[in-house]
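Below you'll find the structure, written out as structure tokens, and then a few comments.
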Amino acid sequence: MKKELEKNYNHQSVENQTYEKWLSKNYFHAEVDKSKKPYTIVIPPPNITGQLHIGHALNATMQDILIRTKRMQGYNAMWLPGTDHASISTEMKIVQAMAEEGVTKADIGRDAFLERAWAWREEYGRIILKQFHKLGCSCDWERERFTMDEGLSAAVLEVFIRMYKKGYIYRGEKLVNWCPNCKTSISDAEVDHLESQGGFWYFKYPIDGTDEFISFATTRPETMLADTAIAVNPDDEKYKKYIGKTVTVPIINRVIPIIADSYVEQDFGTGAVKITPAHDPNDADVGARHNLPIINIMNDDGSLNENAGDYCGLDRYDARKRIIEEFTKLGLFVKSETVNNSVGTHEKCNTVIEPLVKLQWFVKMSELAGPALDVYKDKTLNIVPERFGKIYTHWLENIKDWCISRQLWWGHRIPAYYCADCNHVTVAKDKVELCEKCQSKNIKQDEDTLDTWFSSALWPFSTLGWPDKTDELDYFFPTNVLVTAHDILFFWVVRMVFSSLEYMDEVPFPDVLFHGLIRDSQGRKMSKSLGNGIDPLDVIENFGADALRLTLISGNSPGNDLRFYQERLDANRNFLNKIWNAARFMLMNFKTEEDEAADISKENLTDVDKWIISRVNTVAKEVLNCIDSYELGMAVQKVYDFIWDEYCDWYIEMVKPRLYNESDSTRRAALATLKMVFINAMKLLHPFMPFITEEIFTSIQDDEETIMLSKWHEFDESLNFKKEEQNIELIKDAVKSIRQVRLSLNVPPAKKVNITVVADNDQIAKLFEDSKAFFASLAGASDVLVQQDRNGINDDAVSTVIKGATLYIPFGELVDVEKEMDRLEKEKERLSSEIERINKKLLNEGFIAKAKESVVNGEKEKLVGYEEMLRKIEGEISKLKGMK
RNA sequence: GGAGGCAUAGCUCAGUUGGUAGAGUACCUGCUUGACGUGCAGGUGGUCACAGGUUCAAGUCCUGUUGCCUUCACCA
């Protein structure tokens, strides 16, 4: 034993010092070592946009639990950390910061902007990684990566070029989601559809060559300027006669056809639809079917362009107002309604998205999606909890091509070069000076960068050196599990899977573990606007990382959201206090060198010792099973209950009389057991609460310098003492039942009583004989007499019946006979109803015939026990009656 | 409209091959018992949302209903 522990556990100093020690000893680092089995996790790289939130803390804690467990089990565990450049989010932050200085991107130019971005990355990248230190994460910091590292950028180029050559990446004019605020295209997955109330305006166009009108409704009147058709359903009787005729769009006097397309629903709106192929995805499809012209009326900032005639230069919403006014003047406005509709909104800046046709780069998804679906179907990819698998398959089955070009500067620049002379596009890794077709030097690189998820899709292998064939890649890939929040299933998880299948020919991880969101005490999402966010660093400061980790993990099952509130932190902090004091208690009792040399293999163990040894052995197995099936909440619950309930409240109390008696021949057996079990309990707890367990472990163990590299307790059949477990459970029942009796008779705790145990047989008599000392102290007895008959017991003794014995307390005249009768009658009633229930079951032929044998036998055994107890209670009652 | 989740003790939640419901917290009663009052002992409290079904047996499986939530798609 190295040192005494302070009276109170000081998490601040312990946590900081311990983490420094782990770092300086390089415990987290894993080298390629073919003699050991690897266990690899790559971290979901947090964005460098700011600080970590409590959700990151949950995510990291789960990974750390897995990594630490496997490391202790002897795997070569490697957790690769890193950060993501988060192109659009980071660029927005920098632009904001610049705006405060009154500078814009255009003012300073691309190179200067990138310089600022790298400086930002340096600053915030550091802060974020430091926060992982605070949490206790055992990441291999030597392997830290960043999505715009040289190596990872090379991987991005490699993939782009390979995909381009294969025809999986193409450039095309397609309708994209355009953010007029960020002035970039964004992918479908980045669009939030927010419900809101909006106008629904009805207008009419005059039908050429008639004096009739055709009316329609729209939520975006300004797009009328880009209309190139009116569509009706081919089966719609009221419009059939108009199909083939034309109408003239007022204001711009464009003549457009009335076409028939089954896309139009007859009973929605007026049954006629304006078709605007340049600004609506459905209309674009209709337009393609009917070869309609595409007229783009919008500028990048959401204002209207020269195609909008008189409205050129107006913002989209101003134009909308003016157009409604104009139509009203012309008598072509019909009516307006208010409707609920969902509006496509950019999730990063909440600006309303404008769909518009742009020349962009896309990844063709049809060929990539198939293999990603197959690996889920054939269970090569296992998703936990299973229900997210449905979301995964549904998305892949309905996937559209992925728009990957972004009109941003911060990110991987698209390696495409355009020839001004022959228009040829050269795609190449290295900077291109000559057009590969016409050798012209009049060539320019694409200004755009790639979607940030393009690089993170490669993360599990690009971080290990791909496209080079490194030893690391060969050894650590594929990783073992991906742990992430379920909101990035589409953005990231799916894309990693198909990228890895394409380039590594295997899944990047066999398991995906999704966790839920952390909510506040009222179940609300944490958000900046509500101000209900919780800063993990504050919690660590006040309660310690261990208490935070425990709070994040306990009482939660995979994939479910979790409420986070003060009371839970308090409860878990109390647990820290509990184990700290258990450790102190233990250390206090080791007094001599001989004490410290005590070892369970050399000592003469009692039933109590074997009981707790057997229990920790079993719990170790159960905990591992839970962890391996990702039931982390259940795993930690088992350790918590074992330590608090079985080890502290029972074992320590049982063993005290032996510890305090220097001449007790089994004192050292108790010490050895106390230590062995506690050390193993600390090991089981270590993945969840790394700091306090390290501090305690190193205080107890002289020959090991850290718990994190100590050997995990694997289940050992030779420590499985089932008989002793049963024995001690029986004694515990006896103690509990005496305590109940004492309390019901208002016997003060300090008052010691004599207890006589009447055992059913020799075995039980011996058990009580052997357990006398601690049974007496737990039951508050001054003396315990064990016998197998009723000799010397007065009829007025208070009795309590357990399975296998009757316990008597000779209170004499102190006891109120009536009250005692009531107590026994109640007990009798309870037993009778139990017996009745079991009898009913056993008389049921179906039960006997169909239930498992073990279940039937269990019930039979219970019945015998209960009947025996009932007989005894009836005997006690009749004696009391005789006294009356 | 499609898909999914949740509904269990006052509150927050566990409960993985179906076999008589658990924890934390709150509340009540005792207790400074030589680790811990951030503690110990004992206790109150649940027809497991509702209605059916399968089964010898259902909180657990199936169907439907209601309420809350999430997500995808659409919304001229």
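Values below: all heavy atoms of this structure, side chains included; hydrogens, waters and symmetry mates excluded. Letters A, B, ... mirror the listed sequences (proteins, then strands); counts begin at 1. Keep in mind it's a predicted model, so treat the numbers as computed, not measured.
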Under the 3.5 angstrom rule, does the side chain of A:D192 hit a backbone N or O of A:T345 as a donor-acceptor pair?
no

A:W644 has an atom CH2; how far is it from atom P of B:A23, in whole Å?
14 Å

Nearest-Å distance once atom P is located in both B:A9 and B:U38
29 Å

Is the positively charged end of A:K656 above the ring of A:F585, judged by distance under 6.0 angstrom from the centroid and angle within 45° of the axis?
yes

Dot-bracket line, read 5' to 3' along RNA chain B, where crossing pairs take [ ] and | marks a partner on another strand, Watson-Crick or G-U under 3.5 Å
(((((((..((((.....[..)))).(((((.......))))).....(((((..]....))))))))))))....

Donor-acceptor contacts, no H, no angles, side chain residues 257-269 of chain A, under 3.5 Å, sequence neighbours left out:
unit_1, atom_1, unit_2, atom_2, d
A:D261, OD1, A:Y263, N, 2.9
A:D261, OD1, A:R289, NH2, 3.2
A:D261, OD2, A:R289, NE, 3.1
A:D261, OD2, A:H290, NE2, 2.7

Rounded distance in Å between the C1' positions of B:A58 and B:G53:
11 Å

Rounding to a whole Å, what distance do you find between A:K752:NZ and B:A41:C1'?
12 Å

For A:Y866, which contact category applies under a 4.0 Å heavy-atom criterion: base, sugar-phosphate, or nothing?
base

With distance as the sole test, does A:R837 use its side chain to make a donor-acceptor pair with the main-chain N or O of A:S833 at under 3.5 Å?
no

Counting only side-chain heavy atoms from C-beta out, which of B:U25, B:A23, B:G15 sits nearest to A:A571?
B:U25

N/O to N/O distances under 3.5 Å, protein versus nucleotides 42-49 of chain B:
unit_1, atom_1, unit_2, atom_2, d
B:G43, OP1, A:Q740, NE2, 2.9

Per atom distances to the A:R519 side chain, the nearest of B:U38, B:A14, B:U70 is B:U70

Rounding to an integer number of angstrom, what distance separates B:A51 and B:G67 when you compare their C1' atoms?
15 Å

Residue mapping more 5' on RNA chain B - nearest nucleotide basis, A:F216 or A:R837:
A:R837

For A:R568, is there any backbone N or O sitting under 3.5 Å from a side-chain donor or acceptor partner on A:N572?
yes

Kindly give the atom pairs (protein nitrogen or oxygen, nucleotide nitrogen or oxygen) under 3.5 Å for nucleotides 31-35 of chain B.
unit_1, atom_1, unit_2, atom_2, d
B:A35, OP1, A:K656, NZ, 3.3
B:A35, OP1, A:Y660, OH, 3.2
B:A35, OP2, A:Y660, OH, 2.9
B:A35, O2', A:N581, OD1, 2.6
B:A35, O2', A:R584, NH1, 3.1
B:A35, N7, A:K656, NZ, 3.4
B:A35, N6, A:C648, O, 3.4
B:A35, N6, A:E653, OE2, 3.3
B:A35, N3, A:N581, O, 3.2
B:A35, N3, A:A582, N, 3.3

With distance as the sole criterion, is a donor-acceptor pair present between the side chains of A:N581 and A:Y9 under 3.5 Å?
no

Does any N or O in the side chain of A:N532 come within less than 3.5 Å of the main-chain N or O of A:D520, such that one atom is a donor and the other an acceptor?
no

May I have the distance from A:L194 (atom CG) to B:U71 (atom P), rounded to whole angstrom?
10 Å

Between A:F490 and A:K638, the residue closer to the 5' end of RNA chain B by nearest nucleotide is A:K638

Short question: side chain of A:N10, backbone of A:Q12 - any donor-acceptor pair under 3.5 Å?
yes

Rounded distance in Å between the P positions of B:U17 and B:G22:
16 Å

Base, sugar-phosphate, or nothing: which does A:W201 touch, judged by heavy atoms less than 4.0 Å apart?
nothing

Distance between the P atoms of B:G19 and B:C74, in whole angstroms?
45 Å

Could you give me the CA-CA distance, side-chain angles and deciding distance for A:T800 and A:S737, then say whether side-chain hydrogen bond (donor to acceptor under 3.5 Å, both in side chains) is met?
CA-CA 7 Å; A:T800 176; A:S737 112; 3.0 Å; yes

Single hit among A:D227, A:D283, A:D280 for salt bridge (Lys or Arg N to Asp or Glu O under 4.0 Å) with A:K274
A:D227

Can you give me the N/O atom pairs linking the protein to nucleotides 3-11 of chain B at distances under 3.5 Å, or say none if there are none?
unit_1, atom_1, unit_2, atom_2, d
B:G4, OP1, A:K390, NZ, 3.1

Nearest-Å distance, CG (A:L5) to P (B:C36)?
13 Å

Pick the P atom in B:G42 and in B:U25, then give their distance to the nearest Å.
15 Å

Tell me the interatomic distance from A:L517, atom CG, to B:U71, atom C1', rounded to whole angstroms.
12 Å

Classify A:Y392 by what it touches in the nucleic acid, base, sugar-phosphate, or nothing, heavy-atom distance under 4.0 Å.
nothing

With respect to the phosphate group of B:G39, does any side-chain polar atom (N or O) of A:N574 fall under 4.0 Å of OP1 or OP2?
yes

Does NZ or CZ of A:R320 fall inside the cone over A:W201's six-membered ring, less than 6.0 Å from its centre and within 45° of the axis?
no

Sub-6.0 Å ring centroid separation between A:Y392 and A:Y376:
yes

Spell out, as yes or no, whether a donor-acceptor pair under 3.5 Å connects the side chain of A:H279 to the backbone of A:P355.
yes

Give me the residues of residues 262-271 of chain A where at least one heavy atom lies under 4.0 Å from an atom of RNA chain B, by number, or none.
A:Y263, A:V264, A:E265, A:F268

Look at the rings of A:F200 and A:Y202 and say which category their plane angle falls in: under 30° parallel, 30 to 60° tilted, over 60° perpendicular.
perpendicular

B:C50 and B:A7: how far apart are their C1' atoms, nearest whole angstrom?
11 Å

Would you sort out whether A:C648 and A:K578 count as a side-chain contact (heavy atoms from CB on, under 4.5 Å), showing the intermediate values?
CA-CA 8 Å; A:C648 291; A:K578 188 72 186 175; 3.7 Å; yes

Would you mind reading off the distance between A:E845 atom CD and B:U55 atom C1', rounded to a whole angstrom?
16 Å

Between A:D645 (CG) and B:G24 (C1'), how many Å, whole number?
13 Å

Please report the distance, rounded to the nearest Å, between CG in A:D561 and P in B:C68.
18 Å

With no hydrogens and no angle check, just 3.5 Å: does a side-chain donor-acceptor pair link A:Q637 and A:D641?
yes

Does A:F213 have its ring centroid less than 6.0 Å away from the ring centroid of A:Y205?
no

Are the side chain of A:R549 and the backbone of A:F688 linked by a donor-acceptor contact shorter than 3.5 Å?
yes

Please measure how far the C1' atom in B:C48 lies from the corresponding atom in B:G18, and state the result in whole Å.
15 Å

